[in-house]
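Report on one structure; see the data block that follows.
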Amino acid sequence: MLTKRIIPCLDIKNGRTVKGINFVNLRDAGDPVELGAAYSRAGADELVYLDITATIEERNTFAQLVTQIALNLSIPFTVGGGIRTDEDVARMLGAGADKISINSAAVRNPGILDIMARRFGSQCIVLAIDARFKENDWYVYLDGGRTPTEIKALEWAKEADSRGAGEILLTSMNHDGTKNGFADELTAMFSESLGIPVIASGGAGNMDHFKNIFEKGKADAALAASVFHFGEIKITDLKKYLYEQNIMVRYEN
Amino acid sequence: MKVAIIKYNAGNIHSVELALTRLGVKSILTDDPDVINAADKVIFPGQGEASSAMEYLTKHNLDSVLRNLGQPFLGICLGLQLMCKHSEENNTTALGIFDTVVKKFQSKELKIPQVGWNRVINIKTPLFSGIKEGSFFYFLHSFYAQKNSGNVIGETDYGINYASALQHKNYYAVQFHPEKSGENGEKLLKNFLDL
C-alpha cells in the first residue's frame with residue numbers, strides 16, 4: 001500500500017538555509033543541498049524548499065540553487081515562494097524542481113491553476129493554503145498570513161481541486177509554531193472532502209503528533225520544519241516509531 | 001555509452017537527465033530518429049497527458065521508430081503507459097509494445113493521483129537485480145497498466161493489484177520514477193545501463 005510521507009521544509013534566503021539548525025556531522029548545515037541530502041539519507045520522503053526572499057536578483061539565485069539541489073538529490077522536491085505565473089513554473093521545472101507550490105497568487109487569480117495544470121500537469125501543482133479559525137469557520141489568509149480574506153478554506157480547496165491542483169498543502173495558522181500538534185480535525189475534514197492528497201503542516205512538536213495527523217487527521221503527508229532542523233525529532237527515529245505504531249511508512253529495517 | 005532520452009511534449013524529462021548525471025553518465029535529449037537509432041540505450045520518460053503525447057510522437061514519425069528498436073529501451077511513467085496498446089486517458093491508441101491496456105484508478109477511498117512511495121512486489125531480473133523484493137519506489141500517476149500473462153516484471157497494490165513494471169524482449173518499462181526513488185531507483189537505472 002501507499003505509504004504516508006514525511007516532508008521536511010527548508011526556508012531559503014540568499015541561497016542559504018535559514019532558521020536555527022542543529023545538525024551534527026554536517027560540514028555546512030546552512031547549505032540547502034547538503035542539508036537536503038542529509039534529510040534524504042535519514043529517510044525523508046520528499047522535501048519542500050521555500051524561497052523567502054523578495055527581489056528578482058535573489059530569485060535568480062534561487063533558480064540556480066534548484067538546479068544544484070536537483071543534481072544532488074534522488075528524492076522528489078517541491079519549490080515555493082514567489083510563484084505567480086506559468087512562466088515562473090516553467091522556470092522552476094526547467095531548473096529541475098519536481099513540483100511547485102503556489103499560494104496567494106492563486107487566490108488572487110484562480111484561473112492560473114487551470115493554465116498551470118493544462119500546461120504542466122496536475123501532478124506538479126501543489127496548492128498551499130494558510131487557514132485560520134475565526135468565529136465559526138476556517139478562512140484563507142494571504143501573504144504569509146498577513147492578509148485576511150472572507151474565503152472559506154475548504155471551499156477554496158474544492159475549487160482548486162476542480163481547477164487542477166494536484167495536492168493541497170494545508171497549514172493551520174492556529175497550530176503553526178505552537179508545537180502542540182497538527183490540526184487533526186481540520187485536516188480530516190479536508191482529506192475526506194477532497195479527491196487529491198492533503199499535506200498537513202503546522203504544529204508538530206513530538207512523534208505522537210505525526211501519528212495523530214495520519215490516524216485522526218487522515219493526512220496523506222505531514223510537513224514540518226523546526227522540529228527537524230533543531231534535531232528535536234530525528235527522521236530515522238520518527239519513521240521507526242510510526243512503523244512500530246502500525247502507520248504505513250517507507251521504513252526498511 | 002550513448003544514452004538517448006526521447007524528447008517530446010511531456011513534462012519533467014529533465015530529472016531523468018540529472019539522475020543519469022549523478023550516475024556519471026552523459027545523455028542526449030533528442031527527437032532525431034538517427035540519433036535514437038544509433039544510441040546504445042534509449043530512455044522514454046514523461047509525465048503528462050497521453051493523447052497529446054501520442055499525437056506529438058506520430059507527427060514526428062517517432063511512433064514507428066520507437067516500435068522498431070533493438071537496443072535496451074526503458075519507459076518511465078507516461079512512457080510505460082504509451083508502450084501499452086491503449087490508454088483510457090482520452091481514449092488513446094498507444095504504441096502497442098506490451099499486450100495490455102491502461103485504465104484510470106477508480107476508487108472513492110483512495111486519492112487520485114497516487115502520490116508517494118509504494119512497494120513493488122514479484123520483481124524479476126535483470127531490471128531488479130540486487131533490489132530486495134517489496135522495495136519502495138516513488139509513484140505519481142492516475143492511470144495504471146493492467147496485468148497480463150506475458151510481460152509483468154513487477155506489481156504494486158493501490159486499491160487494485162496492477163503492473164508497475166513490464167518487459168517485452170529489449171523493451172522495459174516502470175510506472176514509478178526511478179530517477180526520484182533514492183538508492184533503489186539508482187540501482188534500477190544502473191541495472192538498465194548495464195544491460
Side-chain angles (χ1 to χ4, degrees), chain A residues 1-7 37 40-41 43-46 66-78 89-90 92-99 116-126 161 166-168 191-192 194-199 218-221 239 248-252, chain B residues 9-23 46-50 52-53 77-78 105 107-119 121 131-132 134-143 156-159 161 176-189:
Chain A
M1 273 305 298
L2 183 67
T3 52
K4 305 286 190 183
R5 287 171 282 154
I6 302 293
I7 308 178
S40 173
R41 282 195 299 275
D45 296 303
E46 285 187 42
V66 167
T67 298
Q68 284 310 307
I69 295 164
L71 264 170
N72 286 282
L73 206 63
S74 59
I75 60 169
F77 68 99
T78 301
V89 180
M92 284 303 153
L93 296 182
D98 298 294
K99 313 176 193 178
M116 289 173 175
R118 258 202 310 274
R119 183 162 166 196
F120 308 105
S122 291
Q123 83 287 335
C124 65
I125 311 297
V126 179
D161 180 355
E167 290 180 81
I168 301 287
S191 196
E192 282 163 358
L194 299 168
I196 54 177
V198 177
I199 305 161
K218 314 248 189 298
D220 298 286
K239 283 294 196 68
M248 302 290 281
V249 288
R250 180 174 64 112
Y251 177 74
E252 281 159 308
Chain B
N9 59 337
N12 272 21
I13 282 170
H14 201 52
S15 58
V16 173
E17 198 182 345
L18 293 171
L20 294 178
T21 307
R22 279 198 295 278
L23 296 173
Q47 279 176 354
E49 194 275 317
S52 58
C77 196
L78 179 63
F105 284 124
S107 171
K108 287 224 159 66
E109 273 104 71
L110 298 171
K111 301 295 179 63
I112 298 165
Q114 170 175 222
V115 183
W117 299 77
N118 202 338
R119 290 184 186 276
I121 57 172
I131 294 170
K132 271 199 289 188
S135 286
F136 287 103
F137 290 89
Y138 187 80
F139 290 81
L140 186 49
H141 64 123
S142 302
F143 293 80
T156 294
D157 290 310
Y158 190 61
N161 174 255
F176 50 82
H177 290 272
E179 76 279 14
K180 289 288 159 186
S181 294
E183 285 174 18
N184 291 332
E186 284 182 355
K187 178 68 183 148
L188 187 137
L189 286 173

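In what follows, every chain begins at residue 1, and chains take the letters A, B, ... in the order their sequences are listed.
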Of B/Glu179, B/Glu186, B/Lys180, which meets side chain to side chain contact (heavy atoms under 4.5 Å, CB included) against A/Ser74?
B/Glu186
Under 4.5 Å between any side-chain heavy atoms of A/Met1 and B/Leu110, yes or no?
yes
Between A/Asn72, A/Asp220, A/Val249, which residue shows the highest count of heavy-atom pairs closer than 4.5 Å to chain B?
A/Asp220
Who are the side-chain contact (heavy atoms from CB on, under 4.5 Å) partners of B/Thr21, not counting sequence neighbours?
A/Leu71
Side-chain touch B/Lys111/A/Ser191, heavy atoms, less than 4.5 angstrom:
yes
Return the minimal non-hydrogen interatomic distance between B/Pro113 and A/Gly166, and the atom names on each side.
CD-O, 4.3 Å
Would you mind telling me which of A/Pro197, A/Gly96, A/Gly121 has the largest number of heavy-atom pairs within less than 4.5 Å of chain B?
A/Pro197
Return the minimal non-hydrogen interatomic distance between A/Asp98 and B/Ser15, and the atom names on each side.
OD1-CB, 4.3 Å
Evaluate A/Gln123 against B/Ser142 for side-chain contact (heavy atoms from CB on, under 4.5 Å), listing each step before the verdict.
CA-CA 9 Å; A/Gln123 83 287 335; B/Ser142 302; over 6 Å; no
Give me the atom names and distance for the closest heavy-atom approach of A/Leu2 to B/Gly116.
CD1-C, 3.6 Å
For A/Glu252, look at atom CD and say whether over 12 heavy atoms of other residues, nucleotides or ligands are found less than 6.0 Å away.
yes
I'd like to know which of B/Ile112, B/Val115, B/Thr156, B/Leu18 tops the heavy-atom pair count under 4.5 Å against chain A.
B/Val115
Residue B/Ser135 versus chain A: region with a heavy atom under 4.5 Å:
both
Taking side chain as everything from C-beta outward and backbone as N, CA, C, O, which of these in B/Asn161 sits under 4.5 Å from a heavy atom of chain A? Side chain, backbone, both or neither.
neither
Engaged part of B/Phe136 at the chain A interface, taking heavy atoms whose separation is under 4.5 Å:
both
N/O donor-acceptor pair under 3.5 Å between B/Arg22 side chain and A/Leu73 backbone:
yes
Going by the rule side chain to side chain donor-acceptor pair (under 3.5 Å), which residues pair with A/Lys4 if we only count those two or more places apart in sequence or in a different chain?
none
From B/Glu183 atom CD to A/Ser40 atom OG, the distance as rounded to the nearest 0.5 Å
8.0 Å
Atom pair OG1/CG of A/Thr3 and B/Asn118 - distance to nearest 0.5 Å:
6.5 Å
Among A/Glu167, A/Arg5, A/Met248, who wins on heavy-atom pairs under 4.5 Å with chain B?
A/Arg5
